Amino acid sequence: MAGLAVNIDHIATLREARKANYPDPIAAAIIAELAGADGIVCHLREDRRHVQDRDVRLLRKIVQSKLILEMATTSEMVGIALDVRPELVTLVPENREEVTTEGGMDLTVHNNIGETIGALQNNGIPVSLFIDPEPEQIKLAHQAGANMIEIHTGVFCEANGNAKSRQAFAKIVDAAKLAKKLKLGVNAGHGLCYKTIKDFKGLSEIDEYSIGHSIVSRAVLVGLDRAVREMRDLINGL
Ligand code: PXP
């Protein structure tokens, strides 16, 4: 059965909208774990627009499943990761103007990514690379020594059933199969919701789904416990 890692960035987004001290992503992490999350994800962005350093440090103390830190490939972030010691680091591209991560890393450009991977792995922290479902990117992730990849599902999710979505999904399937063949762990995420997750039925190559915005959005209306349980049930049924 595939795992569900719940991204709590948007609990922090709501808090930062008023620079208040609520809602607290720490409370959200506890509720998400009690509702069946297999991991808690947070993205500490360079501009600190949602998750703050304090959140990451407190999450490290309270998360009992596993803490997954999404971060850009910068020396500041590597220093924080080495200090916080999450169970997994997912390296993502970061661009200050973007509303959210817009695509996977381009490993043809990030051709020295192996150094960052090595620095983390040498300190016992496994590394995942967030990449588009392109064979070249998967092969480069493997060559760079990543433990796993996270397949960017955003293009498929945005296509939302239109003519492009079939093609986008076929790319995800091929990418997952190639990555498994290369003995990489395979996560998937970005834009997944209660509708699009159902399309992954039978795709046993995916080890874990990383989902944030749709769960937090639903939580505003039905509560976080129910929102996580409903997603957990859908993933159980894949
Ligand atoms: N995976 C990565 C690498 C991301 O950057 C994000 C967004 O922070 C997600 C998964 C979760 O995406 P969403 O919030 O759309 O579920």
Side-chain angles (χ1 to χ4, degrees), residues 2-14 16 25 28-29 32 37-52 55-56 59 66-73 77 81 86 88-107 110 113 126-133 137-138 141 146-160 168 172 175-176 179 185-200 206-220 224 227-228 230-232 234-235:
L4 167 62
V6 175
N7 179 314
I8 42 116
D9 291 352
H10 294 304
I11 302 286
T13 301
L14 204 51
E16 297 304 315
D38 301 291
I40 300 297
V41 190
C42 69
H43 183 176
L44 185 65
R45 296 186 73 104
E46 285 183 276
D47 62 9
R48 309 297 199 268
R49 70 169 73 152
H50 41 46
V51 171
Q52 305 296 313
D55 301 328
V56 179
L59 284 169
K66 62 179 184 257
L67 178 63
I68 302 168
L69 178 62
E70 280 180 16
M71 58 179 230
T73 313
M77 288 301 154
L88 178 71
V89 160
T90 302
L91 295 174
V92 299
E94 215 174 274
N95 162 8
R96 278 179 189 246
E97 270 75 54
E98 68 194 357
V99 175
T100 180
T101 314
E102 282 167 354
M105 301 186 89
D106 183 354
L107 299 179
H110 277 89
I113 195 83
V127 180
S128 173
L129 300 180
F130 182 57
I131 54 175
D132 292 329
Q137 298 294 336
I138 292 152
N147 302 85
M148 53 197 315
I149 58 161
E150 181 177 328
I151 299 174
H152 177 227
T153 52
V155 174
F156 162 68
C157 294
E158 274 164 32
N160 195 18
I172 293 173
V186 185
N187 290 348
H190 211 280
L192 291 169
C193 68
Y194 295 80
K195 181 170 175 253
T196 47
I197 193 72
K198 294 179 187 158
D199 290 317
F200 288 74
I206 308 268
D207 296 308
E208 192 160 84
Y209 295 92
S210 178
I211 309 180
H213 185 262
S214 63
I215 292 178
V216 173
S217 301
R218 194 168 183 85
V220 171
L224 185 56
V228 172
E230 285 178 357
M231 186 59 83
R232 180 69 270 175
L234 289 173
I235 291 174

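Counting starts at 1 for both ligands and their atoms, following the listed order. All values derive from a computational prediction rather than experimental measurement.
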Can you tell me if [X] uses its side chain to pair, donor with acceptor, with the backbone of [Y] under 3.5 Å?
{"X": "Glu150", "Y": "Thr90", "value": "no"}
{"X": "Asp9", "Y": "His43", "value": "yes"}
{"X": "Gln137", "Y": "Leu107", "value": "yes"}
{"X": "Gln52", "Y": "His50", "value": "yes"}

May I ask you to identify the nearest protein heavy atom to [atom], giving residue, atom name and distance to one decimal place in Å?
{"atom": "atom 8 (O) of ligand 1", "value": "Asn7 ND2, 3.4 Å"}
{"atom": "atom 11 (C) of ligand 1", "value": "Ser210 O, 3.9 Å"}
{"atom": "atom 16 (O) of ligand 1", "value": "Gly212 N, 2.8 Å"}
{"atom": "atom 2 (C) of ligand 1", "value": "Glu70 OE2, 3.1 Å"}

With respect to His213, determine whether any N or O atom, backbone or side chain, lies less than 3.5 Å from an N or O atom of ligand 1. yes
Which option, Gly191, Pro93, Gly104, Ser214, owns the non-hydrogen atom nearest atom 15 (O) of ligand 1?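 Looking at heavy atoms only, the winner is Gly191.
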Considering His190, Glu150, His152, which one's heavy-atom position lies nearest to atom 1 (N) of ligand 1? Glu150
Need the ligand 1 atom indices (1-based, order shown) with element for anything under 4.0 Å from a heavy-atom of [X].
{"X": "Asp9", "result": "8 (O)"}
{"X": "Ile211", "result": "16 (O)"}
{"X": "Phe130", "result": "3 (C)"}

Distance from His152 atom NE2 to Met105 atom CE, nearest 0.5 Å? 13.5 Å
Interatomic spacing from OG in Ser217 to NE2 in His10 - rounded to 0.5 Å: 7.5 Å
Looking at Leu91, Val92, Val56, which one forms a side-chain contact (heavy atoms from CB on, under 4.5 Å) with Met71?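 With Met71 as partner, side-chain contact (heavy atoms from CB on, under 4.5 Å) holds for just one option, Leu91.
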Side chain, backbone, both or neither: Val41 near ligand 1, heavy atoms under 4.0 Å: neither
Nearest atoms (heavy-atom pairs only) where Ile138 meets Ala175: CD1-CB, 3.3 Å
Any heavy atom of Val92 sitting closer than 4.0 Å to ligand 1? yes
